Amino acid sequence: MPESELPKAYEPASVEPRWYEFWEQHGVFNASLDPKDTRPVYVIPMPPPNVTGSLHMGHALYTIQDVIIRHARMRGLNVLWQPGIDHAGISTQVVVERQLKREGKTRHDLGREAFIERVFAWKEQSGGRILEQMRVLGFSADWPRQKFTMDPDMSRAVREAFVRLYEQGLIYRATRLVNWDVESRTVLSDLEVETEENVQGELYEFAYQVAGADASLGATELVVATTRPETMLGDTAVAVHPDDPRFTHLHGKKLAHPFVDREIPVITDPVLVDMAFGTGAVKVTPAHDFNDFATGKRHGLAEIAVIGPNGAMNEQAGEFAGLDRFAARKAVKKRLAELGLARGSKPHTMTLPRSQRTNSVVEPMISTQWFVKMEPLAVPALEAVRAGKTRIVPEEWVKTWEHWLTNIQDWCISRQLWWGHQIPAFYCVSCSHVNVTRADPTKCEKCGSAELERDPDVLDTWFSSGLWPFSTLGWPDKTLALERFYPANDLETGYDILFFWVARMLMLGLHFMGEVPFRRVLLHGMVVDEVGDKMSKVKGNTLDPLDLIQGAEFENLVKKSLPDAPLDEAMAKFKKAYPSAAQMGKGFAAYGTDALRLTLVSYSPQAKRIALSPARIDGYRRFCNKLYNATRFALAYVADEAPSGAVPVATLLQNRWILSRFARAVAASTLGIEEFRLDDGSGALYHFVWDELCDWFLEMSKPVFANGTDAEKAETRAVLAHVLEGSLRALHPYAPFVTEELWQRLPRPASRPVSLALAPYPGAADGRADAAAERDMALLMSAVGVARTTRSENELHPTAKVPLELRTADAHARAVLKAEARAIEFLVGTAGPVVIAEPGGARPAGTVLDVAGDVEVLVGLRGLVDKARAAERSARALKAVEKDIVIMTKRLENKNFVANAPPEVVTEARAQLAQLERQRARLLEARKLIEEL
RNA sequence: GGGCGCAUAACUCAGCGGUAGAGUGCGUCCUUCACACGGACGAAGCCGCAGGUUCGAUCCCUGCUGCGCCCA
């Protein structure tokens, strides 16, 4: 038997790498640029992972894109899914600088050029690993078209975009209060600042003495409350509310600064000051606080920076100069106390701004930076979504989108880093003119001086990502690729980069290409641990997709995720984060890529959190094994078939039925993929394969192969070969490896291509809808089910044979059951032929009666019946039916229901009630029979 | 302070204006020749709480409670 060639269990590890190599060798993932290729195209721009990153669960979610891409490819479209890597400015620079630090060096020891060379070397060595890991996940990307955001052609696009925006007045340079990352010593955009909530801090109070105070008018000092005492060195005013009676006598007064030689005014400001908060008086530091900055502008206050780029106090801080800002905080408090100006402190819950990349507390600083003027770009983007040119799915994100874009701030794009696209601005030393040019200039375009200094800053990483959908296709040149593959059809990514990436691509795509870069944006949630917490290294609840694919012992996992914690503590954290893993024993089995993929797409796409459940992955691993074994079974019979691809003639009930169910399943899968409901699409196929194909169709074909006529056998072989081949095609986008492995072993039509990845996706024409077959099968399934329940309730050995009689008044039902006698006998395990009869007549002694709809099921259990259990079950069934009867009766007795509900609902309810009452009658009979046993 | 979302079986999650579903787990029986990674059968839910709309609400609306996220 051919099946003996296959091991009994599916082993993904021995199968998956082989097929990936095969696909790449045959170039099945490559888009066609042949000018004569007229196929419609389908494009998803792949989000380029960071060059520093190693594969995490977020990347594994690219599976959603791959399923859609593979489906499109199987539908015969010219598909482009172009992979790439992002240079990831800050992250990468931080990684390499940390390496240098271990060698006792800084980037300044190397110099800019050598440092960049070093980063490139690092990138070559370890940066591409993630793309290798993506192959493990089966992603069908067009690898020969792989891009890196710092490739020469990408850099050219970036420079072109910058120059054009500058020429159009949309990029400008300005001095503003910006977010400063003290650790990496660069400015950040608003989006790169994250707020840490519920930080336990203190509200510290101290007093400013009023200059020339008159004690008879009131207090001679003004007490302010602050969370940042050290910034008082840069205070240029104290604000009170104009309506606050406590401070009326101080309006217009000056305060003496205790540490620096400066008097600062008391100002009144209803915007900044909340009378109820703190002391009602607010110190104003325009150079280090956004609200204070705005206040300063309103009142014409000086902006005195007291903190330097490294986070230490500068020379303006007088005696505190040189201290780190946090050390300065302590020092200032100590000195205030010594001067008798401290007025105590209160615990205070606050929020802290932190750098997304380095996590250090962000310092507002005044600095000269490059900005993109956003409003002219945002308005067309807003309109494009409103007009439906790009659709955001799920729609709930549209509100967020609208809110952000309508309140958008100008985008700070310069970064004080070395790693990235250096800004193409050249300052003339003699006339100060700013030359912004496509090619490096040799002399100033204004005064002709050859003395030019290039701006040292680089661009925000997201600037180049924003050009991705067209820069990767050759822009600014008019290439065939650009013409063919822009705009893309869909974009699929996490909601966390809706603004960072999606919005900017849409704005820049509209601006430079005059057309939206994609028609749909599909936003998925974040992968979190099984109990819903964000995955983080600190919590030790991260999962590496490769550990799930290849298997891993929990002990090794926790050693990897929390290397510094005691083993039992780390293990406890891990098991708390993954309750289902805690029940598993020592570790994860090698679930394989397909199981992980099926799991990831099984989550509802509208869930904001995807709580990854190891038990669920294991469930899909079993599904792969089920599919594998179903094919093993089939191969024993169909190995010599030569299917034509046409739907086989079917006369046997189960053959007609499975063709009908198959048509439904593939329709559901296709709809699911098209509607971005991969959970529904894959679920339909899962249940089709397991619950219908395996549990009923394969089971019913066994007696055919054992005892059927040659014609029946031939028909069943043809249907089995056809449906199985079709099922593998249908499942391939979700589970590419196991399906390719099995498909290559199955007989298949001669017209099929070399790889399943290129075979046509099945459609309605691959099945045959048959309502009658579905109805008749339902009857059979329910009768068999009831008979089996009776057997099981009485604890019969599975191989024990029982006499079976089915009685029904419905002549059609009798005909169906009679025709399917062989199947029923096999599925129930009957002693002798099943008797099909009309109701009434004597019941053989020792027979248990149950009902399946309108069919009485009589199982002969002479001497085997557990009377008590049978009675118990009978009572339970009766109770359930009577409960339903009460519900239905009440509903139908309600005049309003009958009058107002749609007529078909009323008719349906009446039919249900009638059915229930017939069931009750039979159950009462059955109960009587038990008593007689 | 503003906004968004979630609350359904022990766990993780679907679903839905008309008698509540899946996977895992749990219980019983069984190594029957595709699969014990299996089969058959079964137990298990005030669908968060309180109102409202409706002939009918787990579903729609309002409020509350709890949890999560985003923005300021």
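Order of the sequence lines fixes the chain letters, A, B, ..., with proteins taken first and strands second; residue numbering starts at 1 for each chain. Computed from a prediction, not measured in an experiment: that's the story for all the values here.
Distance check on atom P: B:A50 versus B:C16 gives 25 Å, rounded to whole Å. Remark: the separation of the C1' atoms in B:C13 and B:G3 is 26 Å, to the nearest Å. Across the C1' atoms, B:A44 and B:A22 are found 15 Å apart, a figure rounded to whole Å.
Aromatic ring centroids of A:Phe277 and A:His241 lie 6.0 Å or more apart.
The local environment of CG in A:Asp640 is sparse, with at most 12 non-hydrogen atoms from other residues, nucleotides or ligands closer than 6.0 Å.
Counting only N and O atoms by type, the side chains of A:Arg632 and A:Asn629 include a donor and acceptor under 3.5 Å apart.
Ranking B:U12, B:A34, B:C37 by closeness to the A:Arg622 side chain, first place goes to B:C37. Residue A:Asn629 places its side chain closer to B:C35 than to any other of B:C41, B:G39, B:C35. Distance from the side chain of A:Val531 is smallest for B:U12 among the nucleotides B:C4, B:G18, B:U12. Which of B:G38, B:C30, B:U32 sits closest to the side chain of A:Lys626 comes down to B:G38. Of the listed nucleotides (B:U19, B:A40, B:U12), B:A40 has the atom at the smallest distance from the side chain of A:Arg788.
Looking at which nucleotide of RNA chain B each of A:Arg677 and A:Trp690 is closest to, the 5′-most match is held by A:Arg677.
No contact: A:Ala899 has no heavy atom under 4.0 Å from any strand. Using a 4.0 Å heavy-atom criterion, one finds that A:Ser604 contacts the sugar-phosphate atoms exclusively. Residue A:Lys8 is in sugar-phosphate contact alone, with no base atom involved, counting any heavy-atom pair closer than 4.0 Å across all strands shown. Using a 4.0 Å heavy-atom distance criterion, A:Glu908 is classed as making no nucleic acid contact.
Under a 3.5 Å cut-off, the side chain of A:Glu825 and the backbone N or O of A:Val834 do form a donor-acceptor pair.
Side-chain N/O atoms of A:Lys399 include none lying less than 4.0 angstrom from OP1 or OP2 on B:G3.
Residue A:Glu692 forms a side-chain hydrogen bond (donor to acceptor under 3.5 Å, both in side chains) with just one option from A:His687, A:Gln654, A:Arg661, A:Arg664, and that option is A:Arg661.
Within the structure, salt bridge (Lys or Arg N to Asp or Glu O under 4.0 Å) contacts touching residues 887-899 of chain A (residues at least two apart or in different chains) do not occur. Evaluation of the salt bridge (Lys or Arg N to Asp or Glu O under 4.0 Å) test over residues 580-597 of chain A, restricted to residues two or more places apart or in two chains, returns A:Asp66-A:Arg597.
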_Counting primed atoms plus P, OP1 and OP2 as sugar-phosphate and everything else as base, spell out the protein contacts along nucleotides 65-72 of chain B at 4.0 Å heavy-atom distance: B, S or - for each nucleotide, 5' to 3'._
---SS-B-

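Both key distances under 3.5 Å define a Watson-Crick or G-U pair, and stretches of 3 or more such consecutive pairs in RNA chain B run B:1-7 with B:65-71, B:10-13 with B:21-24, B:26-30 with B:38-42, B:48-52 with B:60-64.
Using a 4.0 Å cut-off on heavy atoms, the residues of residues 695-703 of chain A that approach RNA chain B are A:Asp695, A:Leu698, A:Glu699, A:Lys702, listed by number. Looking at residues 720-727 of chain A, you'll see that no heavy atom sits under 4.0 Å from any atom of RNA chain B.
Rounded to whole angstrom, the span from the CD atom of A:Gln915 across to the P atom of B:G18 amounts to 20 Å.
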